[in-house]
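Atoms within a ligand are numbered from 1 in the order they appear, just like the ligands themselves.
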Amino acid sequence: MIETAGILTPAALQRRLRTAVFGHRVFYYPTIGSTNDRALELAGTGEPEGGLVLAEEQTRGRGRRDRTWDSPPGLGIYASLILRPGIEAVRAPLFTLMAAVAVAEALREVCLMDARIKWPNDVVVGGRKIAGVLAECRGSEPRIHEMVVGIGVNVNHREADFSRALLERATSVLIETGSPADRAPLLAAILEGFERRYASLLKGGATDLLAAWEGLAAVPRGGRVVVEGPHGRREGRISGLDEEGALILEAPEGGTMRIPFGEIVRSVWP
Ligand code: BTN
């Protein structure tokens, strides 16, 4: 029998929350298909920035690249935040990086874990994935008027709670630390970090965010990676991120490659 470590109700979250706006309005569901789908619906009907959809279980949790996100009841954080940044659509990837930074920093601070980020937004501990971010916008305007950032964190999962396919690649706070964690303070810390970085990005640009991301990178500058991007697989050494969050690789034959979106499928470093 799993030892419980507090349920994640809106009241439990709000008791700990020290944000100006994020997470003040919570749409809570014991079970839902996907919190991102619900948040996109709410955003489409005018729900203001900062609204949060929170669930104890998702039956159709979605990951990046058409994957599913296992969301068993009561074990993880399944939450989607509504944003209205009004900035150019080409900068949308920065919000994904920002959410990953907020999650990694909160795991480090609240759970004392060595959480790192694999470009663009996989939060990993010891090479295994502990959290993911799915940012989605509707429409094709040059500026983003509504966006949803979904965050999934594996908190009190035991190995038996992961599907066989995930077992080797996934981990949780409980697996890494040996103790169950209270999800409300962790989510509160994620929302606080996210709100602070969001305000700083809109006011002062991406420099601080990119520096924080780089400090948390699982594969440092100079590390060799294979990346699956819009033009297929590319191999090279990481040279950094640009102002829009794209990955810049040094190609083996010389020169650089810019990968606007995709994922690292293999890494060998230093
Ligand atoms: C990934 O790494 O592939 C992204 C995973 C994102 C999962 C979260 S859980 C809350 C929100 N609702 C969803 O359906 N997906 C995101």
Side-chain angles (χ1 to χ4, degrees), residues 8 10 13 22-23 26-44 47 51-83 92-93 95-104 106-107 115-125 127-138 146-157 161-163 165-173 183-184 186-187 190-191 194 213 216-218 227-229 245 247 261-265:
L8 181 48
L13 171 66
F22 285 10
V26 179
F27 299 82
Y28 175 73
Y29 299 89
T31 180
I32 197 169
S34 157
T35 56
N36 262 36
D37 290 344
R38 182 68 187 122
L40 283 164
E41 275 169 23
L42 286 163
E47 178 59 27
L52 185 78
V53 179
L54 181 64
E56 275 292 12
E57 175 187 29
Q58 297 185 116
T59 53
R60 287 189 309 279
R62 297 189 285 109
R64 294 175 70 231
R65 315 185 110 207
D66 291 329
R67 296 187 184 121
T68 56
W69 185 260
D70 282 4
S71 314
L75 299 184
I77 293 174
Y78 319 117
S80 300
L81 186 69
I82 296 169
L83 299 178
F95 297 96
T96 322
L97 300 180
M98 189 190 296
V101 167
V103 173
L107 284 166
R116 307 205 149 262
I117 306 172
K118 189 160 74 102
W119 183 82
N121 59 355
D122 284 351
V123 182
V124 295
V125 174
R128 297 205 288 171
K129 183 156 164 171
I130 195 162
V133 174
L134 178 65
E136 298 181 295
C137 310
R138 291 263 157 91
E146 55 196 47
M147 169 179 241
V148 161
V149 178
I151 295 174
V153 188
N154 301 331
V155 183
N156 291 320
H157 301 54
D161 296 310
F162 290 116
S163 63
L166 279 184
L167 205 52
E168 300 233 308
R169 289 180 285 122
T171 192
S172 72
V173 177
R183 291 169 295 159
L186 181 57
L187 180 55
I190 293 170
L191 293 172
F194 199 160
W213 189 94
L216 292 165
V227 177
E228 181 90 50
L247 184 69
F261 56 87
E263 69 180 1
I264 293 176
V265 291

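- With respect to atom 3 (O) of ligand 1, the closest heavy atom belonging to the protein is Arg64 N, 2.7 Å.
- Remark: the Thr96 side chain and the Asn121 side chain contain no N/O donor-acceptor pair separated by less than 3.5 Å.
- At a heavy-atom distance under 4.0 Å, only side-chain atoms of Gln58, from C-beta outward, approach ligand 1.
- Ligand 1 places these atoms under 4.0 Å from at least one heavy atom of Gly63: 1 (C), 3 (O), 4 (C), 5 (C).
- For the side chain to side chain contact (heavy atoms under 4.5 Å, CB included) with Ile130, the qualifying choice from Val103, Leu107, Val124 is Leu107, the only one to do so.
- The pair Glu168-Lys129 does not count as a salt bridge, with every side-chain nitrogen at least 4.0 angstrom from each carboxylate oxygen.
- In terms of protein heavy-atom proximity, atom 5 (C) of ligand 1 is closest to Trp69 CE3, 3.4 Å.
- Only the backbone of Ala79 comes within 4.0 Å of ligand 1, judged by heavy-atom distances.
- Contacts between Asn121 and ligand 1, counted as non-hydrogen atom pairs separated by less than 4.0 Å, are absent for every part of the residue.
- For ligand 1, one of its N or O atoms has an N or O atom of Thr35 under 3.5 Å away.
- Shown in contact with Val133 at under 4.0 Å from a heavy atom are these atoms of ligand 1, numbered in order with element: 2 (O), 4 (C).
- Residue Lys129 places at least one N or O, backbone or side chain, under 3.5 Å from an N or O of ligand 1.
- In the model, Gln58 has a side-chain atom that pairs as donor or acceptor with a side-chain atom of Thr35 under 3.5 Å.
- The ligand atoms of ligand 1 that sit less than 4.0 angstrom from a heavy atom of Ile151 are 8 (C), 9 (S), 10 (C).
- In this structure, the side chain of Tyr78 engages the main chain of Gly76 through a donor-acceptor pair within 3.5 Å.
- Ionic pairing of Arg67 and Glu263 is present here: one or more N-O contacts between side-chain nitrogen and carboxylate oxygen are shorter than 4.0 angstrom.
- Between Phe22 and Phe194, the two ring planes are perpendicular [angle over 60°; tilted spans 30° to 60°].
- Remark: ligand 1 atoms within the under-4.0 Å shell around heavy atoms of Gly61 are 14 (O).
- Under 4.0 angstrom from ligand 1, there are no non-hydrogen atoms of Asp37.
- Nearest protein neighbour of atom 6 (C) of ligand 1, counting heavy atoms only, is Arg62 O, 3.6 Å.
- Going from atom CG of Leu40 over to atom CG of Leu42 covers 9.0 Å, rounded to the nearest 0.5 Å.
- The pair Glu136-Arg62 counts as a salt bridge, with a side-chain nitrogen and a carboxylate oxygen less than 4.0 angstrom apart.
- The closest approach between a heavy atom of Arg67 and any atom of ligand 1 is not below 4.0 Å.
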